[in-house]
Amino acid sequence: MPFPHASEALSRFTVLDLTRVRSGPTCVRQLADWGANVVKIDALIEDSGGEQPGGPRRGSDFQNLHRNKRAMTLNLKDERGLAVFRRLAAKADVVVENFRPDVKKKLGIDYESLREINPRIVYGSISGFGQDGPYYKRPGFDQIAQGMGGLMSITGAPGEGPMRVGIPVADLTAGLFCAMGILTALLEREVSGKGQWVQTSLLQAQIFMLDFQAARWLMEKEVAKQAGNNHPTSIPTGVFKTSDGYINIATTGGRIWERCAQAIGAPELYSHPDYATAPARSKNRDALNAEIEKRTVAKSTETWVREFNDAGVPCGPIYAIDQMFEDAQVKHLGIAQDVPNDEDRHIRLVGQPVTLSRTPSKMVVRPPEFGEQTDEVLKEFGFAPDEIAELRRVKVV
């Protein structure tokens with residue numbers, strides 16, 4: 001029975017997934033959700049129990065990272081297992097790994113080794129700090145990258161010390177950038193006929209995500225500081241109390257600030273010399289925020305959302321995650337999607353945030369059980385039944 005593809009967009013590509021934890025699986029999820037034939041290589045190691053760092057296989061985290069894939073077991077610590085992997089790599093389009101840089105070379109499955117077998121291979125690598133350099137052997141974790149990459153120094157309230165972001169942003173963005181690099185390399189391969197090595201790291205991804213805050217230092221030598229819920233440059237922008245909760249208000253430029261002042265019934269604030277210009281509003285930010293909040297506490301969040309939007313002032317409620325999924329626009333976008341499965345299990349996950357008109361991404365296959373499709377995959381790669389039986393007998397698969 002043919003493996004169902006999540007989309008036709010990448011259905012011609014075969015991907016070998018050697019990743020684990022989060023950054024690597026995030027990368028491969030992008031390829032799987034757009035239809036690539038992804039084979040997750042479950043390491044066959046004594047006492048593994050079919051688990052991996054990141055939680056139980058049927059837990060929400062693993063399920064969200066590994067949908068639309070198949071899985072096979074393979075003992076990469078056995079030379080016979082490595083021989084099987086090299087045979088798979090000879091026919092694959094992409095290999096993705098997030099081993100510590102020295103590990104793959106010791107195993108003989110690094111880019112240089114695999115391109116001798118398959119010059120067209122696109123090899124994606126994610127590490128903590130890069131494939132070489134003074135820190136390349138260090139283990140990398142998201143929070144370490146958030147700290148070293150400058151993000152924690154600008155997150156949180158002033159004077160309260162560094163603060164991590166509530167999601168593993170370095171892991172996630174490194175995965176997304178690696179996927180983008182792989183797709184770029186596949187496009188280039190259509191011209192050159194050659195594969196290449198795609199590299200990124202948690203540290204690089206985190207620094208890139210500093211965006212304008214990094215540019216402020218590089219161009220103007222200005223070191224950004226913590227601003228809490230206040231936007232560092234667009235003022236007034238931040239969180240304001242309402243009668244039943246909080247609201248975000250965002251003003252960008254004098255015209256929207258004028259609309260905001262009128263919407264809260266305080267047009268005099270717009271012409272007040274302390275708030276009339278962007279530099280003045282920046283200097284007197286705290287006083288201005290207090291003046292705005294004197295007005296916003298008088299009405300409910302729902303009322304303010306309606307009134308500000310009617311006035312052309314960007315605003316929005318501040319949801320807990322359960323409230324967010326109940327929002328009418330979120331439901332309309334359909335980003336929460338059910339995953340079909342023969343066990344009739346409840347699997348509802350976050351779908352792709354991008355829509356393609358002809359080749360959309362769908363949830364077509366639940367995350368695989370440990371080594372679930374081992375025999376099926378080996379047959380597709382040309383292994384004979386007696387070869388598969390022997391590999392099982394010697395516990396290579």
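Keep in mind that what you see is a predicted model, and the values were worked out from it rather than measured.
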Enquirer: I'd like to know if Glu390 and Arg80 make a salt bridge, using a cut-off of under 4.0 Å between side-chain N and carboxylate O.
Expert: no

Enquirer: Please determine whether a side-chain nitrogen of the Lys or Arg among Glu372 and Arg366 lies less than 4.0 Å from a carboxylate oxygen of the Asp or Glu.
Expert: yes

Enquirer: Is there a donor-acceptor contact under 3.5 Å from the side chain of Arg29 to the main chain of Asn64?
Expert: yes

Enquirer: Any non-hydrogen side-chain atom of Val15 less than 4.5 Å from a side-chain atom of Val39?
Expert: no

Enquirer: To the nearest 0.5 Å, what is the distance between CG on Leu65 and CZ on Arg22?
Expert: 5.5 Å

Enquirer: Assign the ring pair Phe208 / Phe177 to parallel, tilted or perpendicular, where the plane angle (0 to 90°) is split at 30° and 60°.
Expert: perpendicular

Enquirer: Report the distance from atom CD1 of Ile121 to atom CZ of Arg115, rounding to the nearest 0.5 Å.
Expert: 12.5 Å

Enquirer: Is the closest basic N to carboxylate O distance between Arg86 and Glu79 below 4.0 Å?
Expert: yes

Enquirer: Answer yes or no: is there an ion pair linking Lys395 with Asp78, defined by an N-O contact shorter than 4.0 Å?
Expert: no

Enquirer: Is there a side-chain contact between Trp197 and Asp110 (heavy atoms, below 4.5 Å)?
Expert: no

Enquirer: Could you check whether any side-chain heavy atom of Leu10 comes within less than 4.5 Å of a side-chain heavy atom of Leu183, counting everything from C-beta outward?
Expert: yes

Enquirer: Regarding Glu268 and Arg295, does a basic nitrogen lie under 4.0 Å from an acidic carboxylate oxygen?
Expert: yes

Enquirer: Calculate, to the nearest 0.5 Å, the distance between atoms OH and CG belonging to Tyr246 and Asn229 respectively.
Expert: 9.5 Å

Enquirer: Give me the one residue out of Arg87, Met72, Arg392 that meets side chain to side chain contact (heavy atoms under 4.5 Å, CB included) with Leu378.
Expert: Met72

Enquirer: Tell me which donor-acceptor pairs under 3.5 Å the side chains of residues 163-174 have, and how far apart each pair is, sequence neighbours excluded?
Expert:
{"unit_1": "Arg164", "atom_1": "NE", "unit_2": "Gln143", "atom_2": "OE1", "d": "3.1"}
{"unit_1": "Thr173", "atom_1": "OG1", "unit_2": "Val169", "atom_2": "O", "d": "2.6"}
{"unit_1": "Thr173", "atom_1": "OG1", "unit_2": "Ala170", "atom_2": "O", "d": "3.4"}

Enquirer: Measure up the His66 and Phe62 rings against each other and bin them: parallel (under 30°), tilted (30 to 60°), perpendicular (over 60°).
Expert: tilted

Enquirer: Under a 3.5 Å threshold, yes or no: a donor from one side chain and an acceptor from the other, between Asn98 and Thr19?
Expert: no

Enquirer: Charged N to carboxylate O under 4.0 angstrom, Glu369 versus Arg58?
Expert: yes

